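A short worksheet on the structure shown next.
Residue numbers start from 1 in every chain, and the chains themselves are labelled A, B, ... in the order their sequence lines are given, proteins ahead of strands. These numbers were taken from a predicted model, which means no experiment stands behind them. Basis for what follows: all heavy atoms, side chains included, without hydrogens, waters or symmetry-related copies.
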2 protein chains.
Amino acid sequence: MPASHQDQPVFRALADPTRRAIIAMLSDGPRPIADIAAEFDMTRPAIAKHLAILKEGGVISVEAQGRERINRLNPQALKTAADWLNTFDRFWDDRLAALKSLVETS
Amino acid sequence: MPASHQDQPVFRALADPTRRAIIAMLSDGPRPIADIAAEFDMTRPAIAKHLAILKEGGVISVEAQGRERINRLNPQALKTAADWLNTFDRFWDDRLAALKSLVETS
DNA sequence: TTTATATGAAACCTTTTGGTGTTATGTCAA
DNA sequence: TTGACATAACACCAAAAGGTTTCATATAAA
């Protein structure tokens, strides 16, 4: 899987430590903004901006539920980035690479 | 493998499309700066800055050779980022996840 | 030794990023 | 219906990012 121009929003989303922490947090289940913001030493608008960038990257989807907006992780976007990185896994993991190609061609 | 503060320089290095292109380029073998810069519509100092950021992230190492400086890919740093992302692979690849745990415990 | 080449390094500029505070809006609950 | 709550939507700011041009320095080659 070659480097694609389309990957940019995902990698941008991953570039900030706060956003990676949000990703990890949402992997335990969806949450509203205020709930997320409570975990950080940062104002809610700042978190809202991070969520907007995560959404642009397709990393989360947002669903309105009454007056709350539920943020849900969309792992497929992470797979995009993982796929690109795993292109290089021949450099560090020959055993796994061999197995993977076996599985994928079966 | 949990999100680590230590990962930041690597993810920062990956955030720019030019730098990802350089990474892909160096995966075919080490190159001097001018050689890399020739492939981009950008001045050499700009490329030099990107290389500095890649080096900060541990993604490349630089070795002086006469008046040239050879830039060599260091895949281990990429593994750091890949490991973090692959933490989420249970969401998209159950078959591979199962196999992986099998391999890793053998 | 002179000249060309490969790079480093500094000064500068514009845009983006990551924050803040404030105000407006829609929804739930008393 | 009134008040509290969850969020959106500014306007604003400082610092970092991503470029540029210019100049200095070290090495190779003529």
Whole-Å distance separating the [atom1] atom of [X] from the [atom2] atom of [N]:
X	N	atom1	atom2	answer
L54(B)	dA17(D)	CG	P	13 Å
E68(A)	dA4(D)	CD	P	19 Å
M42(B)	dG19(D)	CE	C1'	8 Å
R31(A)	dA6(D)	CZ	C1'	16 Å
I47(B)	dG19(D)	CD1	P	8 Å

Can R69(A) and E63(A) be said to form a salt bridge (Lys or Arg N to Asp or Glu O under 4.0 Å), step by step?
CA-CA 6 Å; R69(A) 293 172 66 87; E63(A) 182 194 352; over 6 Å; no
Whichever of I70(A) and K49(A) has its nearest DNA chain D nucleotide further upstream toward 5'
I70(A)
By nearest heavy atom, map A15(A) and P45(A) onto DNA chain C; which one lands nearer the 5' end?
A15(A)
The answer to which of R12(A) and A46(A) contacts DNA chain C further toward the 5' end, by nearest nucleotide, is R12(A)
Which class fits the ring pair W84(A) and F88(A): parallel under 30°, tilted 30 to 60°, perpendicular over 60°?
perpendicular
Closest to the R67(B) side chain, choosing from dT20(D), dA17(D), dT27(D):
dT27(D)
Of the options L26(A), I53(A), I23(A), which is the one that meets V59(A) in a side-chain contact (heavy atoms from CB on, under 4.5 Å)?
I23(A)
R72(A) (side chain) donor-acceptor with S61(A) (main chain) under 3.5 angstrom:
no
Could you report the tightest heavy-atom contact between S27(A) and F91(B), atom names first, then the distance?
O-CZ, 3.6 Å
Quick one: label P32(B) by what it contacts on the DNA or RNA (base, sugar-phosphate, nothing), any heavy atom closer than 4.0 Å.
sugar-phosphate
Heavy atoms only, 4.0 Å cut-off, all strands: where does A34(B) land among base, sugar-phosphate and nothing?
sugar-phosphate
Side-chain N,O (H50(B)) to OP1/OP2 (dG19(D)) below 4.0 Å
yes
Within less than 4.0 Å of OP1 or OP2 of dA8(D), is there a side-chain N or O belonging to R69(A)?
yes
Is it true that E68(B) and R31(B) make a salt bridge, defined as a side-chain N closer than 4.0 Å to a carboxylate O?
no
List for me each residue that meets side chain to side chain donor-acceptor pair (under 3.5 Å) alongside R12(A), sequence neighbours excluded, and say none if there are none.
none
First and last nucleotide of DNA chain C in contact with chain A, 5' to 3', at under 4.0 Å to a heavy atom: what are they?
dT17(C) to dC28(C)
